[in-house]
2 protein chains.
Amino acid sequence: MFTHRAKYAIKALVHLARRVGQGPVHAQTIADDEQIPERFLELILVQLRIGGLVRSRAGRGGGHFLEGSPEDISLLSVIRAIDEQIDPLPCLSTTAYVRCRDCDDEATCTTRHLFIKIQEQQSALLSHVTLASVMPKPRMAATPAASPKLRTPTHPVLVNANSQHSPTT
Amino acid sequence: MFTHRAKYAIKALVHLARRVGQGPVHAQTIADDEQIPERFLELILVQLRIGGLVRSRAGRGGGHFLEGSPEDISLLSVIRAIDEQIDPLPCLSTTAYVRCRDCDDEATCTTRHLFIKIQEQQSALLSHVTLASVMPKPRMAATPAASPKLRTPTHPVLVNANSQHSPTT
DNA sequence: CTAAATCATATCATTTATATAGGAATAAAA
DNA sequence: TTTTATTCCTATATAAATGATATGATTTAG
Ligand code: FES
Ligand code: FES
């Protein structure tokens with residue numbers, strides 16, 4: 001289960017991704033639009049800046065904007081910036097490593113080996129899903145090379161809303 | 001990050017998987033061997049029983065033993081039995097559904113769509129890893145049909161201990 | 001200088017996770 | 001039937017993480 005923090009971060013990033021090239025956006029604006037507690041969001045934005053996902057300008061006329069392009073921002077990078085622990089076990093984290101008191105030898109620990117597989121695949125999964133996957137796809141067929149002039153981005157594509165999936169819990 | 005609860009559950013299940021056909025195992029024994037707090041483990045074993053993963057016999061000479069075969073017990077089924085929430089968002093859980101206060105319409109929520117993909121793949125991932133994947137593989141080539149007489153199971157196979165993987169946090 | 005914004009740090013409140021405790025129920029054996 | 005060994009039920013305590021708020025300092029355009 002991801003935390004609210006992570007969810008808010010992603011909502012904020014998607015918000016910014018949709019306004020790329022339109023100058024900095026106020027934290028206040030994001031908070032209002034996305035219905036996130038303002039002060040809480042500010043903390044999150046600072047984390048994202050430190051993590052290198054957004055940049056900001058202080059003072060009047062300031063705000064936040066994306067550092068890279070949407071396709072470079074994966075869910076994994078967000079989680080890392082937010083400093084959320086998603087490693088399956090504490091003994092499998094490099095940044096927050098904690099030894100398992102109930103295991104004598106990591107090298108032969110069956111459980112650990114089991115979770116290494118999980119970790120690898122989960123990591124791969126999260127790194128392949130990027131902000132771009134929820135952005136309207138530029139139809140480059142007809143439009144040859146979108147004019148550099150800033151215009152309101154095309155309206156968001158409605159992703160399929162059914163897709164019967166089986167919830168895990 | 002999985003909880004200690006889940007880890008203990010898996011350790012206990014692996015313990016039992018290695019003793020299939022050897023009669024019930026005391027919770028005390030598992031606790032000692034796996035270095036899990038005894039009373040805490042008991043609670044977990046009850047959950048596993050209710051979840052249908054193990055059976056138990058009360059009273060003298062009682063204990064716990066696997067209900068199904070190791071290849072039928074996936075990490076997903078364990079998580080479900082333990083009642084751990086691994087759905088990425090509360091709005092994506094059927095058993096513990098909670099509406100997102102910061103989202104007006106689930107059908108068009110971008111974040112939700114993003115996480116549905118994660119959920120689907122994570123669910124698939126967890127359901128494919130079973131207890132059998134950490135059990136010694138029966139080499140059915142040489143040994144034709146292992147004698148029904150109970151013998152000490154073949155010693156655990158040493159899984160590869162290196163496999164440079166990239167921790168997620 | 002002033003207004004509008006980010007930035008830094010501390011603190012509080014709530015929930016969740018972890019663990020422990022006491023004893024009831026069950027079943028085998030003496 | 002009594003004893004003994006075990007699971008089972010319910011409650012409670014302790015610790016940690018999460019979510020949110022508060023206060024004010026800092027930055028920068030006008
Ligand atoms: S060493 Fe971490 S689970 Fe065994
Ligand atoms: S409805 Fe749950 S994230 Fe938007």
Side-chain angles (χ1 to χ4, degrees), chain A residues 1-9 11-12 16 23-32 34-51 54-65 67 79 82-90 93 96 98 100-102 169, chain B residues 1-9 11-12 16 23-32 34-51 53-65 67 79 82-87 89-90 93 96 98 100-102 169:
Chain A
M1 183 92 92
F2 289 65
T3 60
H4 276 188
R5 239 191 161 74
K7 172 175 147 186
Y8 291 160
K11 289 184 80 171
L16 292 180
V25 183
H26 302 162
Q28 175 81 47
T29 305
I30 304 176
D32 289 349
E34 308 293 346
Q35 306 187 58
I36 302 169
E38 310 164 17
R39 308 292 254 180
F40 194 28
L41 176 62
E42 284 185 23
L43 299 182
I44 295 170
L45 285 169
V46 169
Q47 285 188 289
L48 292 178
R49 177 177 54 78
I50 295 174
V54 307
R55 291 181 60 186
S56 63
R57 258 176 39 203
R60 187 167 186 155
H64 305 263
F65 50 99
E67 172 72 22
I79 293 295
I82 290 300
D83 197 36
E84 195 153 302
Q85 295 304 329
I86 57 167
D87 300 285
L89 298 172
S93 172
V98 174
C100 291
R101 276 170 298 180
D102 54 320
T169 60
Chain B
M1 183 91 91
F2 289 63
T3 61
H4 276 188
R5 237 188 162 75
K7 172 175 145 185
Y8 292 160
K11 289 183 79 171
L16 292 181
V25 183
H26 303 161
Q28 174 83 45
T29 305
I30 303 176
D32 289 349
E34 307 292 346
Q35 306 186 58
I36 302 170
E38 310 163 18
R39 300 308 279 272
F40 194 29
L41 176 62
E42 283 184 23
L43 299 183
I44 295 169
L45 284 169
V46 169
Q47 284 188 291
L48 292 178
R49 177 177 53 77
I50 294 173
L53 299 188
V54 307
R55 292 182 59 185
S56 63
R57 257 176 39 202
R60 185 165 190 158
H64 304 263
F65 50 98
E67 171 72 21
I79 293 294
I82 290 301
D83 198 34
E84 195 151 303
Q85 294 304 329
I86 58 167
D87 300 286
L89 298 172
S93 172
V98 175
C100 290
R101 277 169 299 179
D102 55 320
T169 58

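Residue numbering restarts at 1 for every chain, and letters A, B, ... go by the order of the sequence lines. Just so you know, these numbers use all the heavy atoms, side chains as well, and skip hydrogens, waters and symmetry mates.
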Original post:
Is it true that a side-chain atom of B/Lys11 and a backbone atom of B/Ile36 form a donor plus acceptor pair closer than 3.5 Å?
Top reply: no

Original post:
In whole Å, what is the span from the CG atom of A/Leu41 to the P atom of C/dC7?
Top reply: 11 Å

**OP:** Can you tell me the distance, in whole Å, between the NE2 atom of A/His26 and the P atom of C/dT6?
**Re:** 7 Å

Original post:
Can you name the residues that form a salt bridge (Lys or Arg N to Asp or Glu O under 4.0 Å) with A/Asp83, not counting sequence neighbours?
Top reply: none

Original post:
Between the two ends of the helix from C/dC1-D/dG30 to C/dA30-D/dT1, what is the bend in degrees, rounded to 10 degrees, where each end axis spans five pairs?
Top reply: 10°

Original post:
Rounded to the Å, how far apart are B/Ile44 CD1 and D/dT7 P?
Top reply: 14 Å

Polar atom pairs (N or O), protein with nucleotides 16-18 of chain C, under 3.5 Å:
unit_1	atom_1	unit_2	atom_2	d
C/dT18	OP1	B/His4	N	3.0

Original post:
What's the CD1-C1' distance between A/Ile36 and D/dA20, to the nearest Å?
Top reply: 13 Å

Subject >> Contacts of type side-chain hydrogen bond (donor to acceptor under 3.5 Å, both in side chains), residue B/Glu84, not counting sequence neighbours >> reply: B/Thr3

Subject >> Nearest listed nucleotide, side chain of A/Leu43, among D/dC9, C/dA10, C/dC7 >> reply: C/dA10

Subject >> Integer-rounded Å distance: D/dT7 P and B/Phe65 CZ >> reply: 12 Å

Original post:
With A/Glu42, which residues qualify under side-chain hydrogen bond (donor to acceptor under 3.5 Å, both in side chains), at least two apart?
Top reply: none

Subject >> Whole-Å distance separating the CD atom of B/Gln47 from the C1' atom of D/dC9 >> reply: 13 Å

Original post:
Can you tell me how far C1' of D/dC9 sits from CZ of B/Arg49, to the nearest Å?
Top reply: 10 Å

Could I get a table of every N or O pair under 3.5 Å where one atom is in the protein and the other is in nucleotides 22-24 of chain C?
unit_1	atom_1	unit_2	atom_2	d
C/dG22	N7	B/Arg39	NH2	3.1
C/dG22	O6	B/Arg39	NH2	2.4
C/dG23	O6	B/Arg39	NH2	3.1

Original post:
Is there a donor-acceptor pair under 3.5 Å between the side chain of A/Gln47 and the backbone N or O of A/Ile82?
Top reply: yes

**OP:** With sequence neighbours left out, write down each residue that passes salt bridge (Lys or Arg N to Asp or Glu O under 4.0 Å) with B/Arg60, or none if nothing qualifies.
**Re:** none

Subject >> Earlier contact from the 5' end, DNA chain C, for B/Glu38 and A/Gly63 >> reply: A/Gly63

Original post:
Where the side chain of B/Ser56 is defined as all heavy atoms beyond and including C-beta, which of C/dT20, D/dT7, D/dT6 is the nearest nucleotide?
Top reply: D/dT7

Original post:
Quick one: ring pair (Phe, Tyr, Trp, His ring centres under 6.0 Å) partners of A/Phe2, sequence neighbours excluded?
Top reply: B/Phe115

**OP:** Only counting residues at least two apart or in another chain, list the ones meeting salt bridge (Lys or Arg N to Asp or Glu O under 4.0 Å) with B/Glu34.
**Re:** none

**OP:** Specify the separation, in whole Å, of atom NE2 of A/His64 and atom P of D/dT28.
**Re:** 14 Å

Every protein N/O lying under 3.5 Å from an N/O of nucleotides 25-30 of chain C:
unit_1	atom_1	unit_2	atom_2	d
C/dT26	O2	B/Gly59	N	3.2

**OP:** Only counting residues at least two apart or in another chain, list the ones meeting side-chain hydrogen bond (donor to acceptor under 3.5 Å, both in side chains) with B/Arg49.
**Re:** none

**OP:** Would you mind reporting whether A/Cys100 and B/Lys7 have side-chain heavy atoms less than 4.5 Å apart?
**Re:** yes

**OP:** Identify, with sequence neighbours excluded, every residue that meets side-chain hydrogen bond (donor to acceptor under 3.5 Å, both in side chains) alongside A/Glu67.
**Re:** none

